Amino acid sequence: MKPTGILFFPAFDWAISPTHPEREERLLYTRDQIFEEGIMDLPQIKEYQPGLADLKDIARVHFCVPDIESQITEAHLISAGSALVMADAFMQDEVKNSFAIIRPPGHHSMTVSHGNRGFCNINNEAIMVEYLRKKYNVKKIAIVDTDVHHGDGTQEIFYHDPDVLFISFHQDGRTLYPGTGFMDEAGGPLAYGSTINIPLAPGTTDSGILYVMDNLVLPILDEFKPDVIVNSAGQDNHYSDPLANMAFSAQGYARLNTKLAPDIAVLEGGYSVETALPYINMGLIMAMAGIDYSNLSEPDYKPERFKESERNLAYIKSIVKKQLDLFRHREEVVAKNRKDAEYFHNYYKQIFYDTDYIHEEQQNRLRMCPDCCGFRIINSSAQHRNGQLYRVLCIAIPVNACQQCHAEAISAYADMVKNGDAFDLIYLQDRVNDEYKVLDITSSREIVL
Amino acid sequence: MLIGIDVGGTFTDGVLFDNGSIVTSAKKPTSENNLKDSLLQVLDALLINTDKVKIDRIVFSTTLVTNLLATGRGQKTALILIPGHGLPCLSYEISPDTYFLKGSIDFRGRQIEALDRKEILAVADKINNSGIKRVAVAGKFSNRNHSQELMVRKIIQEKYPDMLVSISSEISGKLNFPRRAVTTYFTAMTLTEWNKFADEIEAALERRGIKAEVDILKADGGTIPLEVSRTKPCETVFSGPAASTMGAVALSMDDFNSVVLDIGGTTTDISLIISGQPLYASKGARIEEQLTHIDAFAVKSIPLGGDSLVAYDNGTIKVKPERKDAAACFGGKWATVTDAFNIYNSMNLGDTKASVAVLGQIADNAGITVDSLCSQVVQNVIAHLVANINGMFTAWENEPAYKVWEVINKRKFKLNRIIGIGAAAGAIIPAVAEKMKVDYLVHEYSPVANALGASVVRPTLAVNLHVDTQNQVFTVDPGGINGKLDHPTKFQLTDARELARKYLVKIAQDRGIEKYAADSEFYMEEQFNMIRGWDRIGKLFEVGVQIAPGFIEEYKGVKI
């Protein structure tokens with residue numbers, strides 16, 4: 001039996017600010033617990049060393065404004081790079097599954113990155129997904145976001161991509177950051193049903209969440225048949241988390257992972273650093289390695305402490321039914337959207353960067369292609385913290401774009417190179433050729449990665 | 001004058017060292033069943049024509065504890081564990097007589113679950129009824145709070161005063177409960193035998209009228225006084241490879257990156273010296289397939305030595321991982337690696353004609369010339385050694401890292417030199433160095449570098465301090481000392497350093513090695529702010545200070 005790969009990178013010398021939840025101390029007690037348990041010495045576990053992501057790995061996903069270097073620290077390169085190390089270990093069959101216990105997190109980062117939102121600058125899972133597709137030609141990937149906060153960044157990045165199934169269950173957006181993740185956010189017109197949101201009431205317990213797993217997440221995964229399953233493994237549904245209000249336990253997280261059986265798990269949020277994280281991380285490692293976790297629990301946990309109410313369970317059942325129905329009818333909806341489509345699908349978006357206090361405005365144009373999921377043009381503007389206003393135009397070509405979309409997007413970029421005076425920066429993200437360009441209009445300097 | 005004796009698996013080596021050179025050396029086959037006699041035979045050989053009064057210090061390394069554990073001759077010991085919540089108890093069944101108790105401590109040293117006195121007494125009765133008189137007790141996070149371990153020992157000894165109880169917090173303060181439990185268990189198993197051995201050695205020295213300081217070599221390349229070793233038998237394991245590595249450092253005495261190849265008759269031990277300091281095994285010594293908290297050098301042992309057999313098997317020339325005898329040039333009957341190098345490099349070792357004769361037979365069978373045979377053997381041996389050396393570099397480079405700084409400044413091993421020691425080093429090392437394009441050092445003392453290393457190394461001592469200012473407590477390893485902080489709110493890293501140093505000096509005094517305390521250095525420092533809400537409620541510190549492996553003051557190196 002192959003071992004489970006673990007990459008533990010607690011970034012003991014990195015913090016957003018000294019008292020921020022995302023600080024040096026975050027994984028300290030997790031370190032103490034997993035080292036004291038001696039779990040890394042077991043034959044079922046193989047420990048890996050962190051790696052560094054290339055700038056190109058980041059450009060494959062993000063348009064960083066004004067450049068990648070100003071959006072990241074070395075810690076971000078290691079965190080993202082470590083997710084890639086775990087992806088390699090899994091794809092190269094060295095391990096049966098793998099878990100990157102890394103920080104800083106990433107699931108709130110969207111395609112365009114003007115700054116830090118929800119403690120994230122770049123999206124570790126998205127970078128890993130594009131890497132899996134580029135390096136290993138993986139076709140279908142499912143990301144299950146088990147963080148208490150809606151994984152709005154990951155959702156936005158793959159919103160128009162029918163080959164990446166994004167499922168997020170989280171505390172209802174009306175009661176928690178980032179205020180999204182409602183059931184009607186179901187994917188773009190050509191990828192309808194490949195985004196599934198499950199907003200849960202505050203106080204939802206193990207039995208509620210595991211009901212969602214059994215009756216919605218697992219059936220959907222069964223039908224979608226992904227080649228790789230990723231757990232975007234936040235740990236803040238825990239009853240002791242200081243930033244959220246759910247009632248999930250370490251046992252619950254372990255059982256969830258046994259059911260989900262992710263190929264690769266990547267740590268996201270979770271800020272109950274002392275009372276939850278050491279036990280949830282143990283639970284996840286044990287579940288993934290197939291070690292009996294019946295002896296695992298938090299010091300203050302009592303099984304009878306949290307009980308799901310009849311009313312909430314009925315509510316959860318109604319969500320499950322609705323979303324299962326939505327997923328099962330997705331192809332009809334996409335077909336209809338395609339039929340009724342105009343050349344471009346236009347939409348407007350406002351994005352708030354809570355950590356950096358930046359308001360971004362976006363105009364999106366998605367090519368409603370009859371043959372592929374279409375290229376996208378994002379017109380984004382935001383005033384950064386230093387007072388500088390950036391207007392950028394970003395052209396994104398998906399990895400599975402058809403020849404015509406590819407050619408059109410390339411010529412759109414060529415056109416903007418000549419006529420892009422209204423912008424500061426023009427980006428081209430050519431995932432087909434794995435080539436990433438950014439042109440600085442003022443200096444006419446083009447950087448190609 | 002200094003004496004160093006390394007009781008190895010096959011041979012016992014000894015040197016008498018004085019004023020920068022080896023006065024005399026001795027080598028005897030080791031009698032596995034009587035290590036004490038082997039040791040004393042070599043000692044007596046060294047003492048011929050030596051004025052016993054002038055001997056200042058005797059250091060020896062021995063495989064006694066390793067042998068006791070390997071052959072199951074350790075004392076039958078019950079293991080009592082307080083595992084709390086986490087991995088299933090099954091993962092911790094180290095002893096056939098393992099018992100589990102209620103009780104639990106967390107990573108901050110807080111009691112989560114109390115002990116159950118009745119349960120402890122019942123377990124003690126069971127152990128007593130099974131005729132076992134030695135007990136090892138280990139609790140998860142007892143390194144952060146030893147109160148439950150102390151209580152278990154007290155309850156058992158009140159009822160059964162003749163039971164000897166070892167507790168894990170006194171054996172090691174490092175995180176990793178299973179390793180702490182194993183180390184405590186092995187300590188309990190070997191304590192009596194080791195003390196018997198120490199008594200015999202002391203008596204034997206007294207009979208010979210020797211009043212020198214007597215020290216034992218440890219796996220970390222330092223010594224402890226024989227008296228102190230009585231409570232820590234496990235620290236003496238793997239002192240043989242440590243003697244060799246320290247011998248290599250003693251011969252070189254510089255800041256280079258070196259690989260040490262200790263090429264014996266049967267095996268080659270590979271270790272690394274990084275900027276003049278030997279590399280430690282990151283996970284501690286592995287004894288009987290179990291990881292422990294014993295600090296030991298990272299040593300890779302491969303079954304290839306100077307006396308490894310050369311053979312022609314199924315159409316191929318092979319170097320077999322077995323030894324039958326000495327090399328033919330030194331009077332053996334079979335063709336060996338040393339014979340092949342002897343001819344290939346025209347080294348004129350011993351009886352060269354004998355080498356040619358045995359190799360000639362094999363070459364005839366294979367239908368090739370002797371030169372071609374030797375060339376194949378040499379290339380084979382070099383390739384095998386080089387692959388293993390490179391494997392050591394990679395393993396070191398790929399150690400996990402937990403800080404941004406460590407990942408960005410990713411380490412890369414740049415080899416400056418190979419140091420060859422052991423009897424067969426002279427024949428093999430030059431060719432390996434040529435292949436790797438680096439310098440090499442094979443000294444005239446290389447064959448006895450292990451005993452030389454033992455004779456001149458100084459004591460080592462690593463003291464680790466953990467401070468929790470919110471709970472106002474600290475713990476110190478070794479010894480499992482728990483204390484209360486006087487001024488927790490004002491406590492800073494400088495105070496932590498001072499406190500750690502204070503304990504190092506105190507423990508050094510207790511061990512009679514205080515003169516080395518001035519040379520101590522900080523090797524590890526961690527500090528974390530504990531934030532709850534948006535306020536700092538305390539700090540956590542972890543500080544390590546040590547007397548690192550090194551040499552006694554009078555040793556200034558040997559002539560190269």
Side-chain angles (χ1 to χ4, degrees), chain A residues 6-15 18-21 23-42 44 47-52 73-79 81-82 242 250 273-275 278-279 282 286 291-301, chain B residues 83-92 100 104-108 110-113 139-144 174-182 282-284 286 290-291 397-410 466 526-536 539-540 542:
Chain A
I6 301 291
L7 197 159
F8 180 61
F9 181 68
F12 282 147
D13 49 355
W14 184 86
T19 57
H20 195 279
R23 63 180 179 273
E24 296 90 341
E25 186 195 7
R26 189 173 161 222
L27 290 172
L28 176 62
Y29 312 106
T30 295
R31 189 265 314 255
D32 285 358
Q33 191 72 35
I34 62 180
F35 282 19
E36 176 68 355
E37 295 278 359
I39 194 165
M40 299 290 218
D41 293 348
L42 295 180
Q44 295 98 313
E47 190 179 3
Y48 280 81
Q49 188 196 39
L52 282 162
T73 61
E74 287 163 338
H76 292 94
L77 284 179
I78 300 170
S79 194
S82 298
V273 300
E274 224 182 328
T275 25
Y279 308 104
M282 271 302 290
M286 289 159 82
I291 299 167
D292 169 22
Y293 46 78
S294 56
N295 188 38
L296 175 79
S297 74
E298 305 84 338
D300 61 349
Y301 180 72
Chain B
H85 295 289
L87 282 175
C89 289
L90 200 72
S91 354
Y92 300 130
F100 296 96
S104 170
I105 303 281
D106 81 353
F107 39 81
R108 294 281 305 281
R110 294 168 296 213
Q111 176 166 301
I112 301 300
E113 188 185 36
K140 206 177 276 175
F141 287 116
S142 65
N143 56 335
R144 297 280 161 86
K174 292 196 190 99
L175 287 170
N176 200 314
F177 167 63
R179 288 187 211 167
R180 212 162 52 243
V182 166
S282 60
K283 293 187 168 184
R286 194 185 280 271
Q290 305 263 22
L291 289 168
E397 287 165 1
N398 290 336
E399 288 283 326
Y402 306 114
K403 290 186 182 137
V404 174
W405 185 88
E406 293 168 343
V407 182
I408 297 302
N409 298 282
K410 190 168 164 27
H466 179 85
E526 268 184 14
Q527 67 169 324
F528 288 93
N529 287 321
M530 283 183 275
I531 311 289
R532 297 297 173 269
W534 296 89
D535 299 316
R536 198 180 82 204
K539 280 174 171 255
L540 289 167
E542 189 99 25

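The model shown is predicted, which means the values in this text are computed figures rather than measured ones. To find a chain, count down the sequence lines: A is the first, B the second, and so on, and within it residues start at 1.
If you measure heavy-atom distances from R536(B) to chain A, you find no contacts under 4.5 Å at all. Heavy atoms closer than 4.5 Å to chain B are found in the side chain of E47(A), but not in its backbone. Interface remark: L42(A) contributes side-chain atoms only to the contact with chain B (heavy atom separation under 4.5 Å). Using a 4.5 Å cut-off between heavy atoms, E298(A) makes no contact with chain B at all. Proximity to chain B (any heavy atom under 4.5 Å) is shown, for Y293(A), by neither the backbone nor the side chain. K174(B) touches chain A through its backbone: at least one of N, CA, C or O sits under 4.5 Å from a heavy atom, while the side chain does not. Heavy-atom distances place the side chain of L540(B), and not its backbone, under 4.5 Å from chain A. Contact of P10(A) with chain B is made through backbone and side chain together, with heavy-atom distances under 4.5 Å. Only the backbone of E397(B) has a heavy atom closer than 4.5 Å to any heavy atom of chain A. Of the two parts of N143(B), only the side chain, counted from C-beta on, holds a non-hydrogen atom closer than 4.5 Å to a non-hydrogen atom of chain A. When heavy atoms are compared at a cutoff of 4.5 Å, P278(A) approaches chain B solely by way of its side chain, counted from C-beta outward.
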Working note: F107(B) + Y29(A), criterion ring pair (Phe, Tyr, Trp, His ring centres under 6.0 Å); need CA distance, chi angles, decisive distance, verdict. CA-CA 7 Å; F107(B) 39 81; Y29(A) 312 106; 5.2 Å; yes
Passes side-chain contact (heavy atoms from CB on, under 4.5 Å), R23(A) versus I531(B)? Steps please. CA-CA 9 Å; R23(A) 63 180 179 273; I531(B) 311 289; 3.4 Å; yes
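In terms of heavy-atom pairs under 4.5 angstrom with chain B, the leader among D292(A), L77(A), L27(A), D300(A) is D292(A). Annotation: maximal heavy-atom pairing with chain B below 4.5 Å, among H20(A), M286(A), E74(A), occurs at E74(A). The candidate from T73(A), L296(A), L7(A), L28(A) with the greatest count of non-hydrogen atom pairs under 4.5 Å with chain B is L28(A). The choice from Y48(A), F8(A), W14(A) that makes the most heavy-atom pairs within less than 4.5 Å of chain B is F8(A).
Taken from OH in Y92(B) to CD in E37(A), the straight-line distance is 4.0 Å, to the nearest 0.5 Å. Between the OH atom of Y279(A) and the NE2 atom of H85(B) there is a distance of 9.0 Å, given to the nearest 0.5 Å. Residue Q49(A) holds its CD atom at 9.5 Å from CD of E406(B), rounded to the nearest 0.5 Å. Rounding to the nearest 0.5 Å gives a distance of 9.5 Å between OG1 of T19(A) and CG of N529(B). To the nearest 0.5 angstrom, I291(A) atom CD1 is 6.0 Å from L87(B) atom CG.
Looking only at side-chain heavy atoms (C-beta outward), R532(B) and E274(A) come within less than 4.5 Å of each other.
Here the closest heavy-atom approach between residue P50(A) and residue A401(B) is recorded as CG-O, 3.4 Å.
Between E36(A) and the options D106(B), L175(B), I105(B), a side-chain contact (heavy atoms from CB on, under 4.5 Å) holds for only L175(B).
At least one donor-acceptor pair under 3.5 Å links the side chain of N295(A) to the backbone N or O of G84(B). Put simply, the side chain of D41(A) never gets that close to the backbone of L291(B): no donor and acceptor are under 3.5 Å apart.
Salt-bridge annotation for E25(A) and K539(B): absent, with no side-chain N of the basic residue lying under 4.0 Å from a carboxylate O of the acidic one.
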